[in-house]
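We use all heavy atoms of the structure for the numbers below, so side chains are in, but hydrogens, waters and symmetry mates are not. Just so you know, residue 1 is the first one in the sequence shown, and it goes up from there.
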Amino acid sequence: MGKKRKHSEANVAEPPKKDSDAPERPKRTLLGWKDPTPTETKEAESSSPIFRNKEKVLVTCSRRISYRYRHLMLSIVSLLPHAKKDNKVESKESKGATLNELVELKNCSSCLFFECRKQKDLYLWMAKCPNGPSVKFMVDAVHTMEELKLTGNHLKGSRPLLTFSTNFNKDPHWKLLKEMITQIFGTPKEHRKAKPYHDHVFAFSLADDHIWFRNYQISVPHNESDKVDRGGLDKITLVEVGPRFCLNPIKIFGGSFGGPTLYQNPFYISPNEIRALKKRKAAGKYAKKVKAKTRRKMHELENPLEADEFADMWKE
């Protein structure tokens, strides 16, 4: 029998060194071996990542919403190709957690929640999920597309141009609202449902501390004689399409559907207070009528009429 080799004499096999110049081995997939394409190699070589807008908006409403406000929500869904519509949500204190969970399940990054109170008042929650910020608006002056019947018409699914008035840059809270509106209402460039055209404009105007929304079609003449040259905007006209609404900001929160208050509108008056004032005025009118009747009765008692001497002349 041969002698056993000592451990010290055993030569440890060294791992083979990788040649830096050797081509990389292709990756194995379920469909076979995959060779790296030139685009993938270019992307691997480039160190700076390319930003891609993957904005998706969840649009939903509360229960017991009126038909006019529901039509407004459907009009906004039809204007935003990157929007996803969901079932109604119960308007409770825990609606924030429910909506955040729905946004996560639908793989969205923003939310528009139409909340109807007393079947009269409409509030719009605009939130970036799940970390915020979020804004609560009071929606006034609502006019849907079915009501207006305007002559404007544009391609469904086309990307809009967003225009803002210059006074959005005067205060920090208006700058924040401008950025949120830009991210939510701006359609991503390469979205699968969006068409690569710009044939309408979303106009957001700031007046009397309210945001006024209008939607216009860009009308361009197509005749050979009236064809618009590049840079010539004289012959381009805007035709309103609809819908119309006005947003009155109430509060801006640091989180999604809640959190610390970043801004509170000092000029906001609740519609309940407005209705209470109207009832008080109506009650004041009734009290004035009752006082007038009592004064009239007191006056008649203090100044009785003299007896008419000819009152019983024709009575027998």
Side-chain angles (χ1 to χ4, degrees), residues 53 55-62 65 69 72-73 76 79-80 82-83 86 89 91-104 106 108-118 120-142 160 162-186 202-214 243-274:
N53 188 3
E55 184 75 26
K56 294 177 185 177
V57 184
L58 178 70
V59 183
T60 183
C61 64
S62 63
I65 191 171
Y69 299 151
L72 175 67
M73 182 192 69
I76 291 178
L79 289 177
L80 303 178
H82 61 293
D86 200 72
V89 178
S91 180
K92 293 182 179 179
E93 292 182 358
S94 61
K95 64 178 179 291
T98 307
L99 288 168
N100 284 327
E101 188 176 355
L102 281 175
V103 169
E104 187 179 358
K106 291 288 184 178
C108 297
S109 56
S110 305
C111 182
L112 291 176
F113 177 59
F114 292 85
E115 184 179 7
C116 187
R117 297 281 184 86
K118 299 183 179 179
K120 299 177 183 177
D121 310 325
L122 180 65
Y123 298 92
L124 173 61
W125 284 86
M126 191 182 296
K128 297 291 293 181
C129 300
N131 299 322
S134 58
V135 193
K136 185 179 182 181
F137 294 101
M138 176 78 191
V139 186
D140 297 319
V142 174
L162 302 182
T163 60
F164 296 89
S165 56
T166 55
N167 47 3
F168 266 96
N169 299 322
K170 64 179 182 179
D171 290 323
H173 62 276
W174 294 121
K175 290 180 182 179
L176 176 61
L177 292 179
K178 178 182 176 181
E179 182 62 29
M180 289 187 66
I181 291 171
T182 304
Q183 292 185 18
I184 292 175
F185 284 87
F202 287 168
F204 296 91
S205 305
L206 185 59
D208 299 331
D209 292 328
H210 290 61
I211 301 174
W212 301 82
F213 173 83
R214 295 290 184 270
R244 297 177 181 175
F245 57 89
C246 172
L247 299 177
N248 183 14
I250 303 172
K251 277 186 180 182
I252 301 177
F253 300 97
S256 179
F257 297 100
T261 303
L262 304 179
Y263 170 77
Q264 185 171 1
N265 190 359
F267 305 106
Y268 171 72
I269 301 175
S270 172
N272 293 329
E273 295 181 9
I274 296 173

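Considering every non-hydrogen atom in both Thr182 and Lys178, the closest pair reads OG1-O, 2.7 Å. Of all heavy-atom pairs between Asn167 and Leu206, the closest is ND2-O, 2.9 Å. Taking every heavy atom of both residues into account, Tyr69 and Lys120 meet most closely at OH-O, 2.8 Å. Among all heavy-atom pairs drawn from Val59 and Met73, the shortest one is CG1-CG, 3.6 Å. Minimum interatomic distance between Pro249 and Asp209 (heavy atoms only, all atoms of both residues): CD-O, 3.7 Å. Nearest approach of Ser256 to Asn100, heavy atoms of both residues: OG-OD1, 2.7 Å.
To the nearest 0.5 angstrom, Phe164 atom CZ is 14.0 Å from Lys175 atom NZ. In this structure, the separation between OG on Ser270 and CD1 on Ile250 is 8.0 Å, given to the nearest 0.5 Å. Once rounded to the nearest 0.5 Å, the distance linking CD1 of Ile181 with CG of Leu162 reads 9.0 Å. We find the OG-CD1 distance between Ser109 and Ile184 to be 8.5 Å, quoted to the nearest 0.5 Å. Taking CG from Leu124 and CG from Leu72, the interatomic distance works out to 8.5 Å, rounded to the nearest 0.5 Å.
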Could you give the side-chain donor-acceptor pairs of residues 126-141 under 3.5 Å, partners two or more places apart or in another chain?
{"unit_1": "Lys128", "atom_1": "NZ", "unit_2": "Glu55", "atom_2": "OE1", "d": "3.2"}
{"unit_1": "Lys128", "atom_1": "NZ", "unit_2": "Glu55", "atom_2": "OE2", "d": "3.1"}
{"unit_1": "Lys128", "atom_1": "NZ", "unit_2": "Ser110", "atom_2": "OG", "d": "3.0"}
{"unit_1": "Lys128", "atom_1": "NZ", "unit_2": "Gln183", "atom_2": "OE1", "d": "3.1"}
{"unit_1": "Ser134", "atom_1": "OG", "unit_2": "Gly255", "atom_2": "O", "d": "2.7"}
{"unit_1": "Ser134", "atom_1": "OG", "unit_2": "Phe257", "atom_2": "N", "d": "3.2"}

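Judged by distance alone, with hydrogens and angles left aside, the side-chain atoms of His82 form no donor-acceptor pair with the main-chain N or O of Phe185 at under 3.5 Å. Remark: side-chain polar atoms of Ser205 are not paired, donor with acceptor, to backbone N or O of Ser165 under 3.5 angstrom. Side-chain atoms of Thr163 come within 3.5 Å of backbone atoms of Phe202 as a donor-acceptor pair (strictly under, hydrogens ignored).
Scored by the ring pair (Phe, Tyr, Trp, His ring centres under 6.0 Å) test, His173 finds Tyr263 as partners (sequence neighbours excluded). In terms of the ring pair (Phe, Tyr, Trp, His ring centres under 6.0 Å) criterion, residue partners of Phe253 (sequence neighbours excluded) are, by chain and number, Trp125.
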Q: For the pair Lys118 and Asn272, evaluate side chain to side chain contact (heavy atoms under 4.5 Å, CB included) and give the outcome as yes or no after the intermediate values.
A: CA-CA 10 Å; Lys118 299 183 179 179; Asn272 293 329; 3.0 Å; yes
**Q.** Residues Leu102, Thr60; criterion side chain to side chain contact (heavy atoms under 4.5 Å, CB included); working and verdict
**A.** CA-CA 10 Å; Leu102 281 175; Thr60 183; 5.6 Å; no
Q: Please lay out, stage by stage, how Phe213 and Ile211 fare under the test side chain to side chain contact (heavy atoms under 4.5 Å, CB included).
A: CA-CA 7 Å; Phe213 173 83; Ile211 301 174; 5.9 Å; no
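Residue Lys95 qualifies as enclosed at atom NZ: its count of foreign heavy atoms under 6.0 Å is above 12.
For Phe204 and Phe168, the ring centers sit 6.0 Å or farther from each other.
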